[in-house]
Amino acid sequence: MTTFPDTFLWGTATAAYQIEGAATEDGRGPSIWDTFCHTPGLVANGDTGDVACDHYHRLEEDLDLLAGLGVGAYRFSISWPRVQPGGSGPVNERGLDFYHRLVDGLLARGIAPVATLYHWDLPQELEDAGGWPHRDTASRFAEYALLMGEALGDRVATWTTLNEPWCSAYLGYASGVHAPARTEPAAALAAVHHLNLGHGLAVRALRSVVDPTAGMSVTLNLHHVRGVSERDADAVRRTDALANRAFLGPMLEGAYPRDLIDDTAAVTDWSFVRDGDEAAACAPLDVLGVNYYNPVLVRQWDGVSPRETADGHADGTASPWIGCQDVEFVRQPGPYTEMGWNIDETGLTELLLRLRHDHPAVPLMITENGAAFADVPDADGGVRDERRVDYLRRHLSAVAEAMAAGADVRGYFVWSLMDNFEWAHGYAKRFGIVRVDRETMRRTWKDSAHWYRDVVATGKLPEA
Ligand code: FCB
């Protein structure tokens with residue numbers, strides 16, 4: 001039986017826009033996701049995060065859910081437009097009050113708060129001023145980080161600056177399948193840089209005001225890239241540069257990889273990177289957050305046959321893969337989750353060991369892992385979601401395997417605590433271990449929640 005160390009941190013994860021609702025209450029301003037959702041045709045079924053899981057009004061109930069699961073930590077995100085509606089200026093105290101209650105409520109239940117500052121909900125005013133491709137956004141982000149550090153820095157255990165800047169930059173500004181739905185490759189690379197810069201500035205801002213024992217982190221959706229054959233080594237290298245090293249380089253090493261600059265030379269000269277920026281993006285981290293769902297398989301495109309684009313992200317009119325025109329994303333063998341993502345936990349072990357090899361000094365945390373399935377509830381609202389249990393068990397085994405081989409993994413957060421707003425897919429994709437009835441908002445534990453509670457309680461993975 002697989003056993004995790006006593007110090008291993010078990011948690012669940014959510015994000016503000018996906019669960020809170022209360023989109024116009026208590027002075028909250030609009031974010032790019034409000035705008036995106038209210039633009040016809042962009043989100044499946046016309047869904048929006050206006051109400052989401054109504055978490056804003058059901059905070060106590062949801063805190064009790066966490067307590068019932070017995071988790072040691074909870075990863076949530078702070079809605080920037082709720083606490084600083086236009087993305088600059090003073091704090092909106094009514095919005096901030098919600099996070100005071102959340103953090104205090106977690107601590108009262110013995111649960112460590114893991115706060116993400118940016119899970120994609122940029123204040124619309126900042127997008128109107130240019131968004132992440134605009135340098136000033138990095139400074140605005142650092143100011144916001146400072147405000148949150150001052151307000152919550154005595155109680156938050158771990159701070160995460162950004163969630164998946166890959167998605168913010170490439171899905172938001174290149175393929176346009178996420179907010180703000182722009183399809184401008186050069187702007188997307190400028191966004192990459194200002195996200196990196198904003199991260200570094202935010203870590204420094206936080207460190208200047210928060211409790212010195214608080215941890216600093218960022219969460220990346222690193223892509224574990226494999227080639228179909230050895231002939232595809234260059235396709236792997238290119239994909240890895242754009243997906244992974246574009247962030248790991250500046251954030252952990254203080255430099256962009258040379259090959260990334262060369263691969264994208266036809267799109268931009270990277271002149272938005274000013275002297276000192278790369279050093280500013282690099283700040284010592286206590287932990288690197290890793291989100292993992294599935295690996296990626298690539299092949300050098302022959303330029304003739306129809307090009308496969310099975311990268312797991314919805315097809316937009318444009319590609320998120322800037323400078324990778326000759327790379328094909330090959331459909332991988334199943335089984336698949338409801339997202340169409342293949343289930344392959346070996347990629348997680350390999351990814352963790354690669355990080356151990358490339359960045360041995362940085363401890364790791366799985367900040368998201370989980371699966372969407374078309375759950376069918378029982379009469380009592382419960383769900384026999386054995387496929388989700390199987391997915392979680394496989395991936396936790398994969399984590400244990402990487403740890404046995406030397407990876408320094410400190411914790412694991414299931415995505416997600418509850419069914420929620422899955423971005424452009426709306427509410428159709430259910431990732432929760434707790435079911436949310438869309439009519440009544442009633443929360444009901446799925447079998448996976450019961451299973452996870454036992455894993456958390458024992459620190460052991462039961463056999464299949
Ligand atoms: C990640 C996001 C998270 C959730 C999962 C399924 O990319 O960080 O908000 O949507 O995917």
Side-chain angles (χ1 to χ4, degrees), residues 4-16 63 66-67 69-80 83 96 99-100 102-120 141-142 144-165 198-222 247 251-252 282-292 352 355 359 361-369 399 403 407-417 456:
F4 288 83
D6 290 345
T7 51
F8 197 76
L9 201 57
W10 297 98
T12 64
T14 63
L63 287 168
L66 288 164
L69 287 166
V71 290
Y74 174 54
R75 175 176 182 251
F76 61 95
S77 82
I78 298 173
S79 161
W80 187 352
V83 296
L96 179 61
Y99 299 103
H100 279 301
L102 170 54
V103 167
D104 290 342
L106 289 170
L107 292 176
R109 291 164 178 82
I111 301 169
V114 176
T116 300
L117 286 172
Y118 186 72
H119 202 124
W120 306 353
F141 181 63
Y144 155 61
L146 186 71
L147 291 176
M148 290 308 101
E150 283 168 349
L152 304 168
D154 55 337
R155 286 158 291 155
V156 165
T158 302
W159 291 91
T160 302
T161 54
L162 305 169
N163 175 71
E164 303 191 351
H199 156 80
L201 297 176
V203 169
R204 283 182 187 79
L206 286 169
R207 282 217 200 273
S208 71
V209 288
V210 305
D211 189 284
T213 62
M216 294 295 152
S217 72
V218 65
T219 280
L220 303 177
N221 56 324
L222 297 169
F247 302 100
M251 286 181 180
L252 299 184
C282 180
L285 295 182
D286 299 291
V287 69
L288 174 65
V290 175
N291 289 358
Y292 177 88
L352 294 171
L355 289 168
H359 307 282
V362 191
L364 306 170
M365 186 118 91
I366 312 302
T367 39
E368 281 181 32
N369 176 243
V399 173
M403 290 169 74
D408 182 5
V409 186
R410 303 287 174 89
Y412 175 94
F413 293 72
V414 175
W415 184 272
S416 180
L417 169 63
V456 171

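We use all heavy atoms of the structure for the numbers below, so side chains are in, but hydrogens, waters and symmetry mates are not. No experiment lies behind these values; they were computed from the predicted model shown.
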Smallest separation among heavy atoms of A151 and H100, with atom names
O-CE1, 3.4 Å
Any side-chain heavy atom of Y74 sitting closer than 4.5 Å to one from T14?
yes
Please find the pair of heavy atoms, one from V287 and one from L364, that lie closest to each other, and give the distance.
CG2-C, 3.7 Å
Shortest non-hydrogen contact from Y292 to N369?
O-ND2, 2.8 Å
Parallel, tilted or perpendicular, as decided by the 30° and 60° cut-offs, for the rings of Y99 and F76:
parallel
Holding to side-chain contact (heavy atoms from CB on, under 4.5 Å), I want the full list of residues that pass it with D286, two or more places apart in sequence or in another chain.
R207, M216
Of all the heavy-atom pairs spanning G149 and V210, show the shortest one and how long it is.
CA-CG1, 3.7 Å
Which atoms form the tightest heavy-atom contact between A283 and G200, and what is the distance?
CB-O, 4.4 Å
Ring geometry between F141 and Y118 (parallel below 30°, tilted from 30 to 60°, perpendicular above 60°):
perpendicular
Going by heavy atoms in the side chains, are M403 and F4 under 4.5 Å from each other?
yes
Given N163, which partner from the list T367, T219, N291 fulfils the side chain to side chain donor-acceptor pair (under 3.5 Å) test?
N291
Measure from the ring center of F413 to the ring center of W415 and say whether it is less than 6.0 Å.
no
S217 side chain to W159 main-chain N or O, any donor-acceptor pair under 3.5 Å?
yes
Side-chain donor/acceptor pairs under 3.5 Å, residues 105-116, sequence neighbours excluded:
residue	atom	partner	partner atom	Å
R109	NE	D64	OD1	3.0
R109	NH1	G105	O	2.8
R109	NH2	E60	OE1	3.0
R109	NH2	D64	OD1	3.0

For side chain to side chain contact (heavy atoms under 4.5 Å, CB included), just list the numbers for L206 and L117, CA-CA rounded to whole Å, side-chain angles, deciding distance to a tenth of an Å, and then say yes or no.
CA-CA 11 Å; L206 286 169; L117 286 172; 4.1 Å; yes
Could you report the tightest heavy-atom contact between L152 and I78, atom names first, then the distance?
CD1-CD1, 3.8 Å
Listed by chain and number, what are the side-chain contact (heavy atoms from CB on, under 4.5 Å) partners of V362, not counting sequence neighbours?
L252, L288, H359
Kindly say whether A16 contributes a backbone atom to a donor-acceptor pair with the side chain of S79 at under 3.5 angstrom?
no
